Amino acid sequence: MFEKLKAQPADKILMLMQMYREDPRDTKIDLGVGVYKNAEGVTPVMRAIKAAEHRLWEEQQTKAYVGLAGDPAFSDAMIQLILADAVPRNNVAAAATPGGTGAVRQAFELIQMANPDARVFVSNPTWPNHLSILNYLGIETVSYRYFDAETRGVDFEGMLADLKGVRRGDVVLLHGCCHNPTGANLNLVEWAAVIDVLNAAGAIPMVDIAYQGFGDGLEADAEATRLVASSVPECLIAASCSKNFGIYRERTGLLMAISQDTSAHALNQDTLAFLNRQNFSFPPDHGARLVTMILNDADLRADWARELEDVRLSMLSLRQDLADELQRLTGSDRFAFLAQHRGMFSRLGASPELVEQLRTQHGIYMIGDSRMNIAGLNAKTIPILARAIVDVGV
Ligand code: LMR
């Protein structure tokens, strides 16, 4: 049997992590995988997580199963964090999943189950694993224009024109904030225009929100998702706690299926639980429990929000410092977009050949499409990166 297996295409992000690890140069700079790092290059356990873990260790009496959709208290807390009062709680079916990727995967399976003819529209570019999972499941994908290679902003006209090609029942995958891989985002007026196009055609939005709190703040980053949820008859939302709670390996995420028709709620909820049962049975609990404890405790929550805000501000100042340094070296504003992008990533707009030169000649690791993890920088490496960008001629 095993001799029939075929080698699968390597995941670009994970492959780069491996190459970085194997590079012996001590001057190497890792701008690859989307993991937050502080100025010392460490991905810290957040203070509130440590405190919640301590409390959990003291208080938890059992590790028995919770429920197929996870603990309803986790769903409640996350729905409140992401949606606030955008939709009545009764309209939201929700299930905990293994990380944001688990939520994305379950969402795609739900789409396939509900409408095998649905096509999924994805931004060009999108997170590579979106496409990989869609292809794996045999779901037809259509890409819509998103990134303007000239301005390094959103090609909004192109995006709207391509989205006008949706058919009733198609699903359009949107990044709720901090677009991965580009860092370029829609404003709320543009979001409203996208929603109008989807509503007019009867297409369903699916929002992937993996970086709430990393862009313009916890509330601002959720506004587009709230607008979608309150303006369409049905939508899906896949949320991740990996980044904003720093609990990557705990695999903590939530899938929401929202319908304005409250009579759909019970069936939607049962379907999410069924899909969990088929794929992994009960979702992981540890991370979800910590998140619930933090969101429901005023002190822990305030401390978490403070630390997250520090993380966000530090990434913003890294962006600004890099843009300033490049301005100084080139005497032009052509890298000003770096300070305007939001979230962990920016697409530099360098060709794969130049990305390769940055790696081989300068030990700078970014994804082949020139996505940089801004959090991989610090005061010492910003001038090195800026000089290398100028040297290779980006
Ligand atoms: C990324 O885009 O780098 C992160 O979401 C990590 C991953 O799993 O790819």
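On a predicted model such as this, the values are computed, not experimentally measured, just so you know.
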Hydrophobic cluster membership, with links at side-chain heavy-atom distances under 4.5 Å among I/L/V/M/F/W/Y: are [X] and [Y] in one?
| X | Y | answer |
| --- | --- | --- |
| Met256 | Val291 | yes |
| Tyr36 | Leu318 | no |
| Leu377 | Val35 | no |
| Val197 | Val207 | yes |
| Trp127 | Leu186 | yes |

Check: [Y] and [X] side chains under 4.5 Å, non-hydrogen atoms:
| X | Y | result |
| --- | --- | --- |
| Met113 | Leu275 | yes |
| Phe74 | Thr292 | yes |
| Tyr144 | Leu174 | yes |
| Ile367 | Ile13 | yes |
| Phe274 | Gln269 | no |
| Leu236 | Leu110 | yes |
| Tyr248 | Thr43 | yes |
| Gln260 | Asn91 | yes |

Next on the checklist: ring pair (Phe, Tyr, Trp, His ring centres under 6.0 Å) for Tyr146 and Phe156? Distances and angles first, verdict last.
Outcome noted: CA-CA 7 Å; Tyr146 186 81; Phe156 188 60; 9.4 Å; no

Side chains of [X] and [Y]: do they bring a donor and an acceptor to under 3.5 Å?
| X | Y | value |
| --- | --- | --- |
| Thr381 | Asn378 | yes |
| Arg119 | Thr141 | no |
| Glu22 | Gln18 | yes |
| Ser123 | His179 | yes |
| Asn296 | Arg301 | no |
| Asp261 | Ser259 | no |
| His286 | Glu53 | yes |
| Gln80 | Asp76 | no |

Take a 6.0 Å sphere around [atom1] of [X] and say whether it holds more than 12 heavy atoms from other residues, nucleotides or ligands.
| X | atom1 | answer |
| --- | --- | --- |
| Asp85 | CG | no |
| Glu157 | CD | no |
| Arg249 | CZ | no |
| Glu58 | CD | yes |

Charged N to carboxylate O below 4.0 Å: is that the case for [X] and [Y]?
| X | Y | value |
| --- | --- | --- |
| Arg289 | Asp285 | yes |
| Arg342 | Asp221 | no |
| Asp297 | Arg55 | yes |
| Glu356 | Arg359 | yes |
| Arg306 | Glu309 | no |

What are the two closest non-hydrogen atoms of [X] and [Y], and how far apart are they?
| X | Y | result |
| --- | --- | --- |
| Arg89 | Ser75 | NH2-CB, 4.1 Å |
| Ala238 | Met206 | CB-CE, 4.4 Å |
| Gly287 | Thr252 | CA-OG1, 3.3 Å |
| Ala350 | Ser370 | N-OG, 3.1 Å |
| Leu56 | Met293 | N-CE, 3.9 Å |
| Pro205 | Glu234 | CD-O, 3.5 Å |

Checklist entry - Phe121 and Leu173: side-chain contact (heavy atoms from CB on, under 4.5 Å), yes or no, with the steps? => result CA-CA 6 Å; Phe121 280 60; Leu173 180 53; over 6 Å; no

Side chain [X], main chain [Y], donor-acceptor under 3.5 Å:
| X | Y | answer |
| --- | --- | --- |
| Asn124 | Ser143 | no |
| Arg387 | Val390 | no |
| Asp333 | Ala336 | no |
| Thr97 | Ala103 | yes |
| Ser351 | Leu354 | yes |
| Asn276 | Ser281 | no |
| Asn135 | Leu131 | yes |
| Asn38 | Val42 | yes |
| Thr271 | Leu267 | yes |
| Trp57 | Ala52 | no |

Item to check | Test salt bridge (Lys or Arg N to Asp or Glu O under 4.0 Å) applied to Asp369 and Lys12, step by step | outcome: CA-CA 10 Å; Asp369 66 357; Lys12 291 187 199 118; over 6 Å; no

Item to check | His175 and His130 aromatic ring geometry - parallel, tilted or perpendicular at 30°/60° bounds | outcome: perpendicular

Next on the checklist: For Phe345 and His341: C-alpha separation, side-chain torsions, deciding distance, then whether ring pair (Phe, Tyr, Trp, His ring centres under 6.0 Å) applies.
Outcome noted: CA-CA 8 Å; Phe345 307 116; His341 284 170; over 10 Å; no

Item to check | Ring-face cation of Lys28 near Tyr20 (centre distance under 6.0 Å, axis angle within 45°) | outcome: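 Judged by the rule, Lys28 and Tyr20 form a cation-pi pair.
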
Checklist entry - Is it true that the NZ or CZ of Arg347 lies under 6.0 Å from the centre of Phe147's six-membered ring and within 45 degrees of the ring axis? => result yes

Next on the checklist: Would Glu325 and Arg328 count as a salt bridge (Lys or Arg N to Asp or Glu O under 4.0 Å) here? Give the steps.
Outcome noted: CA-CA 5 Å; Glu325 183 66 8; Arg328 200 179 64 77; 2.9 Å; yes

Next on the checklist: Test side chain to side chain donor-acceptor pair (under 3.5 Å) on Arg371 and Ser346; report intermediate values, then the result.
Outcome noted: CA-CA 6 Å; Arg371 183 192 85 169; Ser346 269; over 6 Å; no

Next on the checklist: Run Val311 and Asn244 through side-chain contact (heavy atoms from CB on, under 4.5 Å) and show every step you take.
Outcome noted: CA-CA 9 Å; Val311 163; Asn244 52 7; over 6 Å; no

Checklist entry - What do the steps show when you test Leu137 against Glu109 for side-chain contact (heavy atoms from CB on, under 4.5 Å), and what is the final call? => result CA-CA 8 Å; Leu137 291 174; Glu109 294 213 18; 4.0 Å; yes

